[in-house]
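Data first, discussion second: the structure below is written as structure tokens.
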Amino acid sequence: MASYDFTAIESRWQKCWLDNATFRTLGPGDEGFDISKPKFYVLDMFPYPSGAGLHVGHPKGYTATDILARYKRHRGFNVLHPMGWDAFGLPAEQYAIQTGTHPAVTTKKNVDHFREQLRALGLSYDWQREVNTTDPKYVRWTQWIFSKLYEKGLAYQSEVPVWWCEALGTVLANEEVIDGRSERGSHPCVKRPLRQWMLRITQYADRLLADLEGLDWPDSVKAMQREWIGRSEGAEVRFAVDGATGDDGAAAEFTVFTTRPDTLFGATFCVLSPEHPLVDSIAAESQKEAIEAYRLEASRKSDLERAELQKDKTGVFTGAYAINPVFEEGDPRRRVPIWVADYVLMTYGTGCIMCVPGGDERDFEFAQKYDLPVVFVVKPDADGADADAAAEACSTGDGVMQNSEWLDGKRVAVAKAEMCAWLEERKIGHAKVTYRLRDWLFSRQRYWGEPFPLLHDQEGQVRLVAEADLPVSLPVLDDFRPNAEGDPPLARATEWCEVVDADGKVWRRETNSMPQWAGSCWYYLRFCDPQNDMAAWDPKIEEYWMPVDLYVGGAEHAVLHLLYARFWHKVLFDCGLVSTNEPFQKLVNQGMVQSFAYKNTDGVLIPVDEVKEADDGHFEMIASGEPVERFVAKMSKSLRNVVNPDDVIAEYGSDTMRLYEAFMGPVTASAPWNPRDLPGVHRFLQRSWRVFDAGLSDTPNDAVERALHACTKKVTTDLDAMANNTALAAMMEFVNTATKEKAQLTANQGSRFALLLEPFAPHLAEEFWSMCGGQGSCAWADWPTFDESMLVSDTIELPVQVNGKLRGRVTVPADAPHDDVEAAAVAEVAAHLQGKTIRKAIVVPGRMVNLIAN
RNA sequence: GCCGAAGUGGCGGAAUCGGCAGACGCGAUGGAUUCAAAAUCCAUUUCUCGCAAGGGAGUGGGGGUUCAAGUCCCCCCUUCGGCACCA
């Protein structure tokens, strides 16, 4: 009797896989590639290789995809299952600023560590396809794709107020700032105008929205993207300023965007945002001072503060009036005051609005505060006494128009359409779609990112670096801070910055760099053809592998990464460079692996390693015995509750680690890491080992054979549904049966079980496979089949209910006719039927019997 | 406030189409083995009343549909995630 030596088994098979390149994936053009087989591209979101290494949260998704990848190989698919590194980014650069260690050095060290940790998990990646976004061979093509965007006019420079983070020394995109603090590191940020590169993602807003339809993605992610894109249908309406003329002598006017053109008869005032360019020219002399003060105050407030103060609206009257075009000349309602207020944002719509206090709660609040007139133009659908009250209240929903002359009595939807037509006829407005999505702020003032392939001349002209000169590599620096003038760190490389072309003309390199998102926008394409030096990818190869059939990653990328990558992909599609409209057909968000954390009675966090469980099941501090409270939280350094997979692997082996990750629950569910549960899955592997270690038999045990067929069916259907936890439960049941039967498996049975186990615990499965006489790796062996006839038994046990309550069970032949089953059931529960008459008998074949009696 | 997801034993979770609620695992309890412990094996383990036989309750709460509801419908509560003056 040998014991289950997981360390020896796992290192032996990992070496075997490496030596034999077992998981090398061939593609179109490779010798020996079989293009007739179906393909399956299963992708993990590649990690940023941080200095902290893996924690047990990473492998949750990696295990799930690896199980599927291994299963699909057995099912005869060409499986593309690669891994790489999203290796540009801030931490390595900040570390460089602090220590002088070049980011490339730090990055290489971290990547090596990550790779080693992933290998230890026995993940079946094709390591020859590994990509690294910081590799010049990769950067070259990131820059090349940027060139495509630039050529299509999708990249432009703009002086924009951007989030500036002093602590990080860089600008951040809107979405990288949460509540006025940086997403990474939570440093305070302020708005500051700077020259930036922007990408016109807004040009793709409609397609990014519409194409969500066909994707097999979680509803939550689709909803988030829809909200982020924020399509809203409405109209633009031109308002003339009463009596004012513009610089060119024509009447001054402004255009508002509204989603409710139907309520134009209720527009009793207008509001311009404080940044609106018209404010200065229309302001009455008497109001100028107040307006200046208000604008100054508004400019000091960050967006955050403006949002925080949303309950208390403020504003200043400009002294000017606008003409509401729906009213006849001479109608007193025609002239409406123009205000300035910071609840109107310059960055959305046209930066100014028409205000209908009767139909918009924000306008209503503002009108109340400053005593502006209110007209109720929509009468909501209501009955009786409520109706009269409702007609005299702010109504933002559907209903029937009132106080709106020729629109009166019409429903909102009809009134919208008719008003749009009316405006268009008179050329004072038109239907319009607006998006909340803004253009993508694409430049950063960092060293550790892709340089832009762009050159500037003295006159401010910009041109692309020739394709033949790509990549533009990062200059070697030893100081990674911005220079004295506040220019990005790349400006320190004075020689690098200066480029003289063939005509002797001097150009200056762009010194901004790309954000970390750039590399992750197309890595899934490079995985198709990672070694190609002639092109980013070969179109034939791309066409075979794309789209990604399953993409697994965290929900934190629901909007940013996934929206940016979709955008690039659509641009590449328009360039004829990729064959699909969307990159990721199916998306799954893996749940978070949380961890227990502890706090004492004062609410102070106590590190995990200073706490023990007391005999009564409560938790206390090891040193003092002081009671602490346990709670479930995200793993984080500050909570000192991070679990490192290396420790788990050392104690139980990577097969146990993988099994635990898979057994915790559905891939999509979050659950706390509970070390107490590890021995459970480890015991399963040990029991399996004992079954095989007992030796093989020549004659199959019938009960074991039946159990194996049932297990095969369950594991197969569960794997197809990614229900890895219940597939494992089925295998546990099989091993329990085999153990109970004290039967030796036949070589054939053992091989079949080994294959079922292989996706989950590949090392031990390979060992079982060879114990059963299998040659080499079983990774590509055909998946076992099952026989339905082995799953049915001669007799079945049926529950018997009386009036819907379970009262007994009967065992009947599986093919017993309805009447026999009923008779047997009646006999079984006779005691419960005494004095009653059976009114109805419901017999569901193979399921149950329900007798209705009274 | 709006949008999305989810509430099942002491714990993680299972229940494909409306048909035996709690598979599988953890933990716990009892037993076998052992000088003893670990490991292993066997049994019990939703709660509750009962010596037992047996009964009652039970899937966040309340109503409904149905012979039958964790599952379908209506209302409400809680938790988590996202958005939040977007006109």
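Chain letters run A, B, ... following the sequence lines, proteins first and then strands; every chain starts at 1.
Of the candidates B/rA87, B/rC24, B/rG4, the closest approach to any side-chain atom of A/Glu733 belongs to B/rC24.
The pairing partner recorded for B/rC83 is B/rG1, the criterion being a Watson-Crick or G-U wobble arrangement whose two distances lie under 3.5 angstrom. With a cut-off of 3.5 Å on both pairing distances, B/rU16 has no Watson-Crick or G-U wobble partner at all. In this entry B/rC11 has B/rG25 as its Watson-Crick or G-U wobble partner, both defining distances falling under 3.5 Å. Under the Watson-Crick or G-U wobble criterion, with both distances below 3.5 Å, B/rG58 is left unpaired in every strand shown. Across every strand in view, B/rU40 sits in a pair with B/rA32 that passes the Watson-Crick or G-U test at under 3.5 angstrom.
An anti base is found at B/rC80: its glycosidic angle is more than 90° from 0. In textbook terms, a nucleotide whose glycosidic angle is within 90° of 0 is syn, while B/rG56, being further out, is anti.
Nucleotides B/rG56 and B/rA21, compared at atom P, are 13 Å apart to the nearest Å. B/rG7 sits 15 Å from B/rG12 when the C1' atoms are compared, rounded to a whole Å. Taking the P atoms as reference points, B/rG58 lies 15 Å from B/rA68, given to the whole Å. Taking the C1' atom of each, B/rU29 and B/rG9 are spaced 16 Å apart, rounded to whole Å. Taking atom C1' on both nucleotides, B/rC17 is separated from B/rG13 by 23 Å, rounded to a whole Å. B/rA5 and B/rG55 have their C1' atoms separated by 40 Å, with the value rounded to a whole Å. Of the C1' atoms belonging to B/rA15 and B/rG82, the separation is 31 Å, rounded to the nearest Å. For the P atoms, the distance linking B/rG27 with B/rA53 amounts to 29 Å, nearest Å.
The residue A/Lys805 sits close only to the backbone: its heavy atoms come under 4.0 Å of sugar-phosphate atoms, none of a base. Contacts of A/Arg687 with the nucleic acid, taken as non-hydrogen atoms under 4.0 Å apart, involve only primed sugar atoms and P, OP1 or OP2. Within the 4.0 angstrom heavy-atom criterion, base atoms lie near A/Ile842. When heavy atoms are screened at a 4.0 angstrom cut-off, A/Met848 is found touching base atoms of the nucleic acid. Across all strands shown, A/Arg847 has heavy atoms under 4.0 Å from sugar-phosphate atoms exclusively, and none from any base. Counting non-hydrogen atoms under 4.0 angstrom, A/Pro666 reaches the backbone sugars and phosphates but no base. Residue A/Asn803 is classed as having no contact, given no heavy-atom separation below 4.0 Å to the nucleic acid. Among the protein residues, A/Asp219 comes within range of the sugar-phosphate backbone only, with heavy atoms under 4.0 Å from sugar or phosphate atoms but none that close to a base. Among the heavy atoms of the strands lying under 4.0 Å from A/Arg807 are primed sugar atoms or P, OP1, OP2 only; no base atom is included. In this structure, A/Thr434 reaches neither bases nor backbone, as no heavy-atom distance under 4.0 Å exists between it and the strands shown.
Remark: the A/Arg839 side chain and the B/rC67 base include no donor-acceptor N/O pair separated by less than 3.5 Å. Residue-to-nucleotide contacts include no donor-acceptor pair under 3.5 Å from the side chain of A/Asp677 to the base of B/rC26.
At the phosphate of B/rG25, OP1 or OP2 sits under 4.0 Å from a side-chain N or O atom of A/Asn736. When the side-chain nitrogen and oxygen atoms of A/Asn725 are compared with OP1 and OP2 of B/rC24, none of them lie within a distance under 4.0 Å. Residue A/His832 places at least one side-chain N or O closer than 4.0 Å to OP1 or OP2 of B/rG55. Phosphate contact (OP1/OP2 of B/rG4, side-chain N/O of A/Arg226, threshold under 4.0 Å): absent. Between A/Arg683 and B/rA39 there is no side-chain polar atom (N or O) within less than 4.0 angstrom of OP1 or OP2. Contact check, A/Ser232 against B/rA87: a side-chain N or O comes under 4.0 Å of OP1 or OP2. The phosphate of B/rC41 (OP1 or OP2) has a side-chain N or O of A/Arg690 nearer than 4.0 angstrom.
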